[in-house]
*Asks:* 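Sharing a structure with you now.
All figures in this text were calculated on a predicted structure; none of them were measured in a lab.
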Amino acid sequence: MSKRLAEVARKVGVSEATVSRVLNDKPGVSEATRQAVLTALDVLGYERPTKLRGERARLVGLVLPELQNPIFPALAEIIGGGLTQNGYTPLLCTQQNAGGITESDYIDLLLQQQVSGVIFLGGNYSQADAPHEHYERLRQVNLPTVLVNARIDTLDFATVSTDDGAAAEQAILHLHQLGHRRIGMLMGPLDHIPSQRKLAAAKPLLERLGTPLEDALVVRGLYSLESGQAGASRLFSVGATAIVCASDPLALGAVRAARRAGLHVPQDVSVVGFDDSALMSCTEPPLTTVRQPIESMGRTVIELLLSQIAGTTEAGDELLFEPELVLRSSTGPAPALAPA
């Protein structure tokens with residue numbers, strides 16, 4: 001108790017005696033100081049005394065890693081709409097270009113707002129080497145939380161993901177049936193769990209198909225068009241005739257790299273994306289991609305969060321959703337099989 005008093009007192013800049021009066025609901029403390037102490041309890045991960053908990057605000061934090069990849073705003077629109085229909089207001093928190101505000105900072109801010117829950121659409125939990133300590137604060141205050149996208153095993157929050165392994169298998173089998181034998185994998189960073197899962201499925205499948213995945217045919221980078229262009233150039237240089245990409249922006253970068261190298265898509269090289277985000281049917285050529293079922297995923301996210309808020313379920317397992325290969329014009333027969 002004394003450690004908690006000292007920590008909260010330091011955070012607020014008041015005496016331990018003042019903190020003690022607030023925690024015991026005693027008079028003699030201004031309302032502003034009382035609120036500051038209660039907020040500090042939340043931020044530091046301490047549970048409020050039962051009689052001081054009060055009603056949580058009907059707000060839900062919606063934390064996005066970025067807005068440039070169209071899949072994130074598309075998911076946010078579905079989930080935000082579902083929250084509003086159920087009487088909750090989403091608080092949008094985006095990390096990219098947020099002036100150095102980290103995911104940990106956002107958790108502090110959301111706890112200060114006394115939110116009813118938080119939904120992450122990608123974040124540190126998907127990267128093995130990223131900091132994860134801040135998630136413990138959510139666990140300590142038992143805040144309803146749902147993660148979207150594959151997470152590291154040690155974080156047992158309710159999670160909704162597309163089956164990354166199945167997505168990689170669908171793309172590879174499609175390209176193999178078209179005659180491609182030099183299939184490159186353009187993935188996210190080394191510690192990124194969705195990319196790890198895609199590779200973990202791709203390697204044994206390609207082995208069974210008689211075309212083992214060489215190290216040179218795996219390129220990792222950031223989830224951006226520029227990274228896709230740079231990575232695809234490397235894969236073309238080692239003879240890849242087809243590329244499986246971990247996102248649609250990476251795939252669009254690969255198409256641009258092909259054009260810069262004087263190659264035609266799909267006559268010379270084939271490209272498969274992942275997400276089926278907005279406007280992928282309008283690109284040139286329209287992009288073959290593996291679709292994430294974001295409508296059904298979004299509905300499930302809302303159900304999982306509301307059931308935690310109602311106290312009918314606790315944080316649970318990961319729910320895997322089946323992806324769907326969407327065939328368009330960025331894939332075609334391997335060059336040797338193409339008609340003259």
Side-chain angles (χ1 to χ4, degrees), residues 126-129 149-153 161-223 227-228 230-248 250-251 253-255 257-258 261 263 265-276 287-293 318 320-328 330-338:
S126 287
Q127 292 179 257
D129 298 337
N149 223 352
R151 56 168 161 78
I152 60 170
D153 292 337
S161 307
T162 299
D163 188 334
D164 291 291
E169 289 171 354
Q170 288 179 19
I172 288 167
L173 286 170
H174 168 60
L175 294 169
H176 193 269
Q177 286 163 0
L178 289 171
H180 293 278
R181 299 298 178 264
R182 298 280 294 171
I183 299 173
M185 303 290 293
L186 187 48
M187 298 287 108
L190 186 63
D191 69 331
H192 199 244
I193 306 301
S195 291
Q196 289 180 6
R197 289 184 177 182
K198 288 182 175 76
L199 283 172
K203 287 178 178 176
L205 175 58
L206 286 164
E207 190 86 39
R208 288 199 304 274
L209 294 172
T211 54
L213 187 62
E214 303 167 18
D215 288 346
L217 286 172
V218 179
V219 172
R220 296 177 175 87
L222 303 174
Y223 279 88
S227 192
S233 297
R234 285 171 57 191
L235 290 169
F236 295 145
S237 72
V238 294
T241 64
I243 300 179
V244 175
C245 302
S247 75
D248 288 341
L250 282 173
V255 171
L263 300 170
V265 180
Q267 294 86 345
D268 301 316
V269 290
S270 289
V271 177
V272 181
F274 176 72
D275 285 336
D276 193 29
L287 188 69
T288 293
T289 186
V290 183
R291 176 181 293 158
Q292 294 202 64
E318 179 181 13
L320 283 182
F321 282 71
E322 188 70 13
E324 176 192 359
L325 181 67
V326 179
L327 299 179
R328 296 197 184 103
S330 65
T331 52
L337 300 179

*Asks:* With a 4.5 Å cut-off on side-chain heavy atoms, are Met185 and Lys203 touching?
*Replies:*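 No; the side chains remain at least 4.5 Å from each other.
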*Asks:* Of the non-hydrogen atoms in Glu318 and Ser161, which two are nearest, and what is the gap between them?
*Replies:*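 Taking every non-hydrogen atom into account, OE2-OG, 2.6 Å.
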*Asks:* Any idea which heavy atoms bring Ser195 and Gly188 closest together, and the distance?
*Replies:*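 Minimum heavy-atom contact is OG-N, 2.8 Å.
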*Asks:* Just wondering, do Phe274 and Asp164 contact through their side chains at under 4.5 Å, heavy atoms?
*Replies:*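 Side-chain contact under 4.5 Å: yes.
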*Asks:* For Asp191, is there any backbone N or O sitting under 3.5 Å from a side-chain donor or acceptor partner on Asp129?
*Replies:*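 No; judged by distance alone, with no hydrogens or angles, the pair does not exist.
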*Asks:* Measure from the side-chain N and O atoms of His180 to the backbone N and O of Gly332, and report whether any donor-acceptor pair falls under 3.5 Å.
*Replies:*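 Between the backbone of Gly332 and the side chain of His180 there is a qualifying donor-acceptor contact (under 3.5 Å).
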*Asks:* Is the backbone of Ile193 close enough, under 3.5 Å, to the side chain of Ser126 for a donor and an acceptor to pair up by distance?
*Replies:*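 Not at all, since once roles are kept as given, no pair shorter than 3.5 Å links the two residues.
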*Asks:* Can you find a heavy atom in the side chain of Gln292 that is under 4.5 Å from one in the side chain of Glu324?
*Replies:*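 No, side chains not in contact.
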*Asks:* With the side chain counted from C-beta on, respond yes when Val244 and Val290 share a heavy-atom pair under 4.5 Å apart, and no when they do not.
*Replies:*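 Val244 does not reach Val290 side chain to side chain.
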*Asks:* Mind checking whether Arg220 and Pro189 have side chains closer than 4.5 Å, heavy atoms only?
*Replies:*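 Arg220 vs Pro189: side chains apart.
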*Asks:* Looking only at heavy atoms, which two atoms of Leu250 and Ser227 are closest? And how far apart?
*Replies:*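 Residues Leu250 and Ser227, closest heavy atoms: CD2-C, 4.1 Å.
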*Asks:* Gln170 and Pro323: which non-hydrogen atoms are nearest, and at how many Å?
*Replies:*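 So the two residues come closest at NE2-O, 3.1 Å.
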*Asks:* I'd like to check Gln196 versus Met187 (side-chain heavy atoms, cut-off strictly below 4.5 Å). Are they in contact?
*Replies:*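 Not in contact.
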*Asks:* From the options Ile183, Ile243, Thr241, select the one residue that forms a side-chain contact (heavy atoms from CB on, under 4.5 Å) with Leu235.
*Replies:*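 Of the listed residues Ile183, Ile243, Thr241, the side-chain contact (heavy atoms from CB on, under 4.5 Å) partner of Leu235 is Ile243.
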*Asks:* Can you tell me which residue among Leu217, Val219, Asp215 is in a side-chain contact (heavy atoms from CB on, under 4.5 Å) with Val238?
*Replies:*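 When side-chain contact (heavy atoms from CB on, under 4.5 Å) is applied between Val238 and each of Leu217, Val219, Asp215, only Leu217 qualifies.
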*Asks:* Do Val272 and Ser330 have side chains that approach each other closer than 4.5 Å (heavy atoms only, starting at C-beta)?
*Replies:*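 Of all side-chain heavy-atom pairs linking Ser330 with Val272, none is under 4.5 Å.
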*Asks:* Kindly indicate whether the side chain of Leu209, heavy atoms from C-beta on, has any atom under 4.5 Å from the side chain of Ile172.
*Replies:*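 Yes, at least one pair of side-chain atoms sits under 4.5 Å.
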*Asks:* Distance check, rounded to the nearest 0.5 Å: Asp275 atom CG versus Thr162 atom OG1?
*Replies:*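 Spacing of CG (Asp275) from OG1 (Thr162) equals 8.0 Å.
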*Asks:* How close do Asn149 and Pro194 get, heavy atom to heavy atom, and via which atoms?
*Replies:*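 Where Asn149 meets Pro194 most closely, the heavy atoms are OD1-CG, 3.6 Å.
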*Asks:* Between Arg291 and Leu325 (side chain of the first, backbone of the second, donor and acceptor by atom type, cut-off under 3.5 Å), is there such a pair?
*Replies:*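 Not confirmed, Arg291 side chain does not pair with Leu325 backbone.
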*Asks:* Would you name the heavy atoms of Val271 and Cys245 that are closest together and state the gap between them?
*Replies:*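 Taking Val271 first and Cys245 second, the nearest heavy atoms are CG1-SG, 4.1 Å.
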*Asks:* Please identify which of these residues, Thr288, Leu287, Thr289, meets the side-chain contact (heavy atoms from CB on, under 4.5 Å) condition with Asp276.
*Replies:*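 With Asp276 as partner, Thr288, Leu287, Thr289 yield a single side-chain contact (heavy atoms from CB on, under 4.5 Å), made by Thr289.
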